[in-house]
Amino acid sequence: MQIASRIEAMKESATLAVGAKVGALRAAGVDVVGFAMGEPDFDTPTNIKRAAIVALESGMTKYAPTAGDKAAREAIAEKFRRENGIACKAEHVTVTVGAKHAIYMALQAMIEPGRGDEFLLPTPAWVSYRPLIELAGGVCIEIPGSIDHAFAVTAAQVRAAITPRTVGILLNSPSNPCGVVVAPSELKAIVDVVAEHPRVAILSDEIYEKLVFPEISPDAVHWSPGSDPRVAMRTVTVNGLSKAFAMTGWRIGYLCAPGGTFAREIIKLQGQMTNSIASFFLPAIVEALSPSSASQVETMRAAFASRARLIHAGLLEIPGMQCVQPTGAFYAFPDISALIGSRTMKGAIIRSAQSFADALLDEAHVAVVPGEDFGDCAKTHIRLSFACSEAQITKGLDRIKRFVNSLAGAPSTAKVGSVS
Ligand code: PMP
Ligand code: GLU
């Protein structure tokens with residue numbers, strides 16, 4: 001059977017691939033410390049579960065309207081207005097099968113294939129963005145961030161990257177994999193540049209919005225580009241319940257697109273793809289976004305902030321690792337270039353982040369995601385998700401430290417330290 005080249009050429013998700021390896025090793029009885037998956041270890045708050053159970057038991061088992069029912073779309077629109085300052089109505093909102101699906105559809109709708117449409121991607125960036133841009137027929141133009149500037153790309157870099165073929169820019173703050181919040185002033189400077197280019201749309205992935213740590217950095221404050229009236233009509237804002245509400249398995253995302261007919265076109269696409277999400281999950285969205293969930297979200301956020309400090313301090317004690325202090329999401333993204341060229345106890349040569357991650361899993365039973373698929377500038381980094389308990393973090397760091405100390409030809413002291 002023929003396989004379309006655009007599918008065959010597409011890379012598999014590196015995050016899911018490592019996650020699957022961890023699952024297989026654990027099933028075989030291996031005690032793996034998993035820093036791979038960006039998936040909170042908490043359970044979904046009980047009030048949110050109850051809302052779905054009650055809906056299911058009351059017979060909410062039929063097809064729902066494609067974009068979600070009125071109550072859920074209104075709750076989401078109200079959230080966007082109240083928390084994000086985005087002027088939108090329920091009719092601009094679509095509930096999607098996870099934020100991933102929202103991003104897929106937005107890119108399908110924004111990019112004209114075969115025309116060389118360019119989509120700008122500040123990197124390091126989440127592994128799925130490039131494949132989804134390319135699947136839509138776009139050309140992905142990376143704008144590299146630097147570890148010395150906590151990975152934030154500058155407005156000048158964005159300006160220099162825009163060409164007559166640029167149709168959009170993908171922004172993601174707080175960032176996966178960098179674990180940093182881009183300061184509102186820096187994000188606003190980028191939006192200033194985009195505002196000068198009416199053809200350039202913004203796709204803003206704000207899935208980690210609620211996981212910001214102002215107790216670590218006062219700049220760790222979330223700001224939504226879609227709230228700027230100059231670009232509001234050409235900004236699509238994506239969010240979802242997976243991360244802040246510990247609901248990864250529910251597959252609930254949403255987007256809002258107040259400009260023109262974009263929202264209608266997205267609903268048309270979704271109507272041909274998946275139709276609505278499971279109807280009895282819709283009341284759970286209303287419940288999640290209501291004030292009754294806020295304190296549980298805050299408890300989880302505070303736990304992530306404490307873990308952010310713990311993992312950063314631990315990584316700084318490991319020779320050869322350079323790491324920015326995480327200020328949002330739940331990722332640390334150290335540079336391991338000083339370890340390249342070293343040799344493991346079993347004789348493996350560390351030639352890349354991939355070979356480091358492979359050897360670490362094989363020899364020390366710690367899973368991390370290698371940096372290669374997060375962008376060209378991320379090739380010597382590894383990503384550690386700290387969406388796991390402090391006990392696991394301490395155990396995993398201890399294993400990594402012993403592994404690195406056992407490498408032949410690696411630096412013998414913690415030489416670099418924090419860069420921010
Ligand atoms: N965006 C980012 C930056 C992510 O890390 C993820 C990972 N889950 C998603 C979107 C997709 O989330 P989901 O599909 O679970 O809503
Ligand atoms: N987004 C999470 C991660 O980066 C979950 C896996 C995925 O969908 O990529 O680990």
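Every number for a ligand or one of its atoms is a count from 1 in the order of the listing.
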For Gln272, does the CD atom sit with more than 12 other heavy atoms under 6.0 Å from it, leaving out its own atoms?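 Not buried by this count: 12 neighbours or fewer within 6.0 Å.
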Closest approach of Phe245 to Ala288 (non-hydrogen atoms, all atoms of both residues): CE2-O, 3.1 Å
Using heavy atoms and a threshold below 4.0 Å, how should the contact between Asn176 and ligand 2 be classified: side chain, backbone, both, or neither? side chain
With the threshold set at under 4.0 angstrom, would you say [X] reaches ligand 1 through any of its heavy atoms?
X	answer
Tyr129	yes
Ala99	yes
Thr248	no
His101	no

One finds that the ligand 2 atoms under 4.0 Å from a non-hydrogen atom of Leu16 are 6 (C), 7 (C)
What protein heavy atom sits nearest [atom], and how far off is it?
atom	result
atom 14 (O) of ligand 1	Arg251 NH2, 2.7 Å
atom 1 (N) of ligand 1	Asp205 OD2, 2.5 Å
atom 9 (C) of ligand 1	Trp126 CH2, 3.4 Å
atom 9 (O) of ligand 2	Thr15 OG1, 2.6 Å
atom 2 (C) of ligand 2	Lys243 NZ, 3.4 Å
atom 8 (O) of ligand 2	Lys100 NZ, 2.9 Å
atom 4 (O) of ligand 2	Arg383 NH1, 2.8 Å

Starting at CE of Met300, measure out to NZ of Lys243 and round the result to the nearest 0.5 Å.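 Answer for the CE-NZ pair, Met300 versus Lys243, is 13.0 Å.
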Answer yes when Lys21 and Asp358 have at least one side-chain N-carboxylate O distance shorter than 4.0 Å, and no when they do not.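 Counted as a salt bridge, because a side-chain N and a carboxylate O are separated by less than 4.0 Å.
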salt_bridge(Lys401, Glu317) N-O dist < 4.0 Å: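 So Lys401 pairs with Glu317 through a salt bridge.
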If the cut-off is 4.0 Å to any non-hydrogen atom of Gly98, which atoms of ligand 1 fall inside it? 14 (O), 16 (O)
Side chain, backbone, both or neither: Lys243 near ligand 1, heavy atoms under 4.0 Å: side chain
Side chain, backbone, both or neither: which part of Trp250 comes within less than 4.0 Å of ligand 1 when only heavy atoms are counted?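 Neither part.
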Would you please classify the geometry between the Phe330 ring and the Tyr208 ring as parallel, tilted or perpendicular, with 30° and 60° separating the classes?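 Because their plane-to-plane angle is over 60°, the rings of Tyr208 and Phe330 count as perpendicular.
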